[in-house]
Amino acid sequence: MSNEKMKEYWSKNLRYLAILLTVWFVVSYGFSILLVNALDTIRFAGFKLGFWFAQQGSMYVFVALIFIYVSWMNKLDREYDVHED
Amino acid sequence: MGILTWTYIIVGLTFALYIGIAIWSKARSTSDFYVAGKHVSPLANGMATGADWMSAASFISMAGLISFIGRDGSVYLMGWTGGYVLLALLLAPYLRKFGKFTVPDFVGERYYSQLARQVAVVCAIFVSFTYVAGQMRGVGIVFSRFLNVDINMGVLVGMFIVFFYAVLGGMKGITYTQVAQYCVLIFAYLVPAIFISILMTGNPIPQLGFGSTLSAEPGTYLLDKLDGLNTALGFAAYTDGTKSMVDVFFITAALMVGTAGLPHVIVRFFTVPKVADARKSAGFALLFIAILYTTAPAVAAFARTNMIHTVSNKVYAEVPPWFKNWEKTGLIKFEDKNGDGIINYVKDKNANELKIDRDIMVLANPEIANLPNWVVGLVAAGGLAAALSTAAGLLLVISTSVAHDLLKKAVMPDITEKQELLYARISAAAAVCVAGYFGINPPGFVAQVVAFAFGLAASSFFPAIILGIFDKRMNKEGAITGMLVGITFTAAYIIYFKFINPGANTPDHWWFGISPEGIGTLGMLLNAGVATVVSKMTAEPPEEIQHMIEDIRVPRGAGAPVEH
């Protein structure tokens with residue numbers, strides 16, 4: 001792979017990371033810690049919303065983030081022909 | 001059949017299974033021993049990572065801990081799962097592409113320095129030993145509670161089992177036993193949780209029952225009920241926190257980053273065949289972990305509601321039999337201070353008459369909910385699976401660090417692969433004995449040093465590895481100074497508040513209100529900051545290292561061939 005291509009691949013990778021880690025941060029540190037009291041004024045079934053994010057929601061989002069990352073990267077690997085099989 | 005018979009049968013069967021797997025998966029090469037020959041499928045690696053990660057503390061203590069601290073418990077839930085996102089996105093794929101055996105391997109080669117490797121080896125061994133002592137103790141405790149044997153006897157049985165499959169099979173044996181152990185532990189965790197969820201809310205899924213209305217009081221949500229019960233007894237409402245926001249923030253971050261920096265977790269991602277598999281198996285690992293971690297807070301809320309209902313303000317003579325059973329173990333203590341024969345459970349220490357060990361919330365759950373006897377046996381087998389699988393993973397890191405990083409790469413570079421394998425087995429055996437010794441004679445400070453393991457992992461490995469991948473300019477001077485500063489700062493802070501001056505361990509004395517549990521986050525930032533500044537002022541890394549970094553950034557092929 002040429003140097004140009006390699007740089008492009010890497011910067012796309014970094015952009016994906018920035019997007020996913022922003023969501024990671026907002027859900028865990030934002031919703032579940034910094035904004036938890038504000039969100040707790042909203043009800044979500046039998047939960048206060050902030051409490052739900054802190055003890056349930058954040059973990060569901062974490063799992064989803066990794067699988068989104070896997071699918072984005074598999075696509076990117078093929079696009080730049082650096083996939084392994 | 002009685003509880004004890006069931007427990008012996010189920011625990012016996014699972015142990016036979018682990019030994020069978022050990023014989024079937026004997027390691028034949030160092031690659032087998034260190035990284036299971038890199039043949040593990042992503043799904044199997046996900047399960048093995050789950051069992052590796054979830055220890056006796058996750059299985060036995062976490063739900064109970066949350067049930068006593070309510071919303072503050074989310075630091076553990078998020079801290080011990082959110083780290084996998086960092087692991088999957090920032091570490092696993094690149095370390096797999098690097099393709100060697102250990103974390104010190106990466107640190108040593110990336111920073112072209114024996115010193116860097118040795119700093120990493122010392123950290124890896126220290127972190128793993130701190131952790132493993134608690135696991136062997138956990139095995140002994142489960143044995144003594146469920147099988148009526150002496151704790152020390154329990155530790156010895158645990159040592160024998162781990163010895164068998166860790167020494168014989170190395171990573172290969174450990175991986176496939178961990179897959180089995182994951183299945184045992186998750187089944188054992190979910191069965192009582194589902195039963196109790198149905199019992200209390202009518203919903204078979206604990207995660208949903210958690211937010212449902214109570215069967216006994218239609219129209220009242222479980223959590224509202226629990227908030228009311230808590231406040232009536234003088235406690236903070238269950239869904240409110242009592243820790244300061246800044247401390248919650250820093251503890252969560254230290255646990256997340258520490259998780260991503262723990263060598264026994266990282267090394268699991270060296271065992272899969274491809275980079276794409278490393279990414280995928282991190283996803284599976286977190287999925288399998290989240291099944292237990294999203295159930296735990298539900299169990300915590302059910303158990304607390306149940307417990308308050310069953311015992312608070314009840315006549316002592318009329319409490320159900322499980323209460324008396326667990327009183328014998330000393331995990332429940334009732335002292336009738338005002339002599340009225342009624343159990344007063346309140347926040348006020350002088351008036352409170354009931355002491356409950358947090359472990360009871362998981363251990364006694366099947367009895368509290370009147371579940372069949374085999375479920376109790378299952379919980380015992382689950383607790384053992386959790387403790388044994390984590391112990392084995394840690395022991396492997398220790399033996400690999402000694403045989404590979406210390407002997408082969410530093411002291412005796414000329415040994416053949418066969419000799420190296422023998423040394424790996426010997427050091428695994430020695431590590432099992434040392435761990436067993438600590439299990440039988442637990443150092444008084446085990447509880448305090450858990451903060452250490454995470455703090456050190458967070459302030460040493462994590463920044464060194466991340467910068468090694470994402471900052472091409474990072475050199476050995478920067479990385480080594482960073483690691484030393486990070487470790488020294490974190491260790492000093494923890495040692496001061498935990499050992500030298502425990503009396504001052506209050507929010508008023510903490511820096512910026514950060515507790516010793518959360519200080520690893522600051523140590524990590526310090527490490528990264530110092531490393532970056534120092535590296536800017538010193539020579540850039542050699543060209544072949546820069547090529548190596550380009551190489552690990554892509555799954556296949558790179559700009560130029562790399563020699564390594």
Side-chain angles (χ1 to χ4, degrees), chain A residues 1-7 9-10 13-14 16-18 20-21 23-25 27-29 31-37 40 43-48 50-74 76-78 80-85, chain B residues 66 70-71 73-75 77-79 81-82 84-90 93 207-208 210-213 221-224 238-241 245 248-249 252-253 256 273-277 279-280 282-287 289-290 293-294 296-298 300-301 470 550 553-559:
Chain A
M1 190 167 51
S2 73
N3 246 344
E4 279 310 296
K5 279 276 191 192
M6 150 89 198
K7 277 205 181 104
Y9 171 86
W10 186 243
N13 178 12
L14 292 181
Y16 291 162
L17 295 185
L20 295 168
L21 289 176
V23 176
W24 168 82
F25 185 87
V27 170
S28 52
Y29 296 93
F31 293 171
S32 309
I33 299 176
L34 300 173
L35 303 171
V36 68
N37 292 325
D40 270 351
R43 292 287 297 203
F44 172 65
F47 296 103
K48 295 183 198 164
F51 178 84
W52 181 79
F53 267 111
Q55 299 213 338
Q56 294 280 307
S58 57
M59 291 184 276
Y60 301 135
V61 174
F62 295 157
V63 174
L65 285 175
I66 300 184
F67 283 105
I68 293 170
Y69 170 71
V70 169
S71 94
W72 284 359
M73 287 311 284
N74 285 346
L76 190 69
D77 287 349
R78 284 184 188 284
Y80 284 83
D81 194 31
V82 292
H83 58 285
E84 296 147 291
D85 48 28
Chain B
I66 297 168
R71 193 184 79 193
S74 53
V75 297
L77 294 168
M78 289 194 291
T81 54
Y84 279 85
V85 178
L86 299 175
L87 201 57
L89 273 55
L90 304 177
Q207 287 83 345
L208 300 179
F210 195 18
S212 302
T213 53
Y221 283 110
L222 168 80
L223 286 168
D224 293 335
Y238 189 80
T239 55
D240 280 342
M245 194 176 278
V248 169
F249 192 100
T252 307
M256 281 191 188
K274 291 182 300 178
V275 173
D277 294 335
R279 296 182 193 131
K280 207 201 277 174
F284 282 129
L286 184 59
L287 175 67
I289 292 167
Y293 272 60
T294 52
F470 289 87
E550 274 168 16
R553 285 177 175 186
V554 287
R556 176 172 56 85

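In what follows, chains are A, B, ... by sequence order, proteins preceding strands, each numbered from 1. All values reported here derive from a predicted model rather than from experimental measurement.
- At least one donor-acceptor pair closer than 3.5 Å links the side chain of A:Gln55 to the backbone N or O of B:Gly70.
- Side-chain rings of A:Trp10 and B:Phe470 approach one another, their centers coming within less than 6.0 Å.
- Separation of atoms CZ (B:Arg71) and CD1 (A:Ile33) is listed at 9.5 Å; rounding is to 0.5 Å.
- The nearest pair of heavy atoms linking A:Phe47 to B:Gln207 is CZ-O, 4.0 Å.
- A distance of 11.5 Å separates NZ of B:Lys280 from OG of A:Ser71, quoted to the nearest 0.5 Å.
- Using a 4.5 Å cut-off between heavy atoms, A:Tyr60 contacts chain B through its side chain alone, with no backbone atom that close.
- Summarising the geometry of B:Pro93 relative to A:Tyr69, their closest heavy-atom pair is CG-OH, 3.6 Å, with the distance given to 0.1 Å.
- Residues B:Ser74 and A:Ala54 come closest through the heavy atom pair CB-O, 3.4 Å.
- Looking at B:Leu90, the atoms closer than 4.5 Å to chain A (heavy atoms on both sides) all sit in the side chain, from C-beta outward.
- Only the side chain of B:Ile66 comes within contact range of chain A, judged by heavy atoms closer than 4.5 Å.
- In this structure, chain B has heavy atoms under 4.5 Å from both the backbone and the side chain of A:Ser28.
- Neither the backbone nor the side chain of B:Ala300 comes within contact range of chain A; no heavy atoms are under 4.5 Å apart.
- With chain A as the partner, the residue from B:Val248, B:Thr294, B:Thr81, B:Leu286 showing the most heavy-atom pairs under 4.5 Å is B:Thr294.
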- [ ] Applying side chain to side chain contact (heavy atoms under 4.5 Å, CB included), run through A:Asp81 and B:Arg556 and close with a yes or a no.
- [x] CA-CA 8 Å; A:Asp81 194 31; B:Arg556 176 172 56 85; 3.2 Å; yes
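- Annotation: maximal heavy-atom pairing with chain B below 4.5 Å, among A:Leu76, A:Leu65, A:Val27, A:Val36, occurs at A:Val36.
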TODO: Report the C-alpha distance between A:Lys48 and B:Leu223 in whole Å, list the side-chain angles of each, state the deciding distance to 0.1 Å, and finish with yes or no for side chain to side chain contact (heavy atoms under 4.5 Å, CB included).
DONE: CA-CA 9 Å; A:Lys48 295 183 198 164; B:Leu223 286 168; over 6 Å; no
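- Between B:Phe284 and A:Phe67, the ring planes are perpendicular. Angles over 60° get that label, and only those under 30° would be called parallel.
- With salt bridges taken as basic N to acidic carboxylate O contacts below 4.0 Å, none links A:Asp77 and B:Lys274.
- In this structure, A:Asn74 and B:Arg279 approach most closely via the heavy-atom pair OD1-NH1, 3.6 Å.
- Taking each heavy atom of B:Tyr84 and A:Ile66 in turn, the nearest pair found is O-CD1, 3.6 Å.
- Atom CE of residue B:Met256 and atom CH2 of residue A:Trp24 lie 5.0 Å apart, to the nearest 0.5 angstrom.
- With a 4.5 angstrom heavy-atom cutoff, B:Leu222 does not touch chain A via any of its atoms.
- Chain A forms more heavy-atom pairs under 4.5 Å with one residue of B:Leu87, B:Val275, B:Thr213 than with any other, namely B:Val275.
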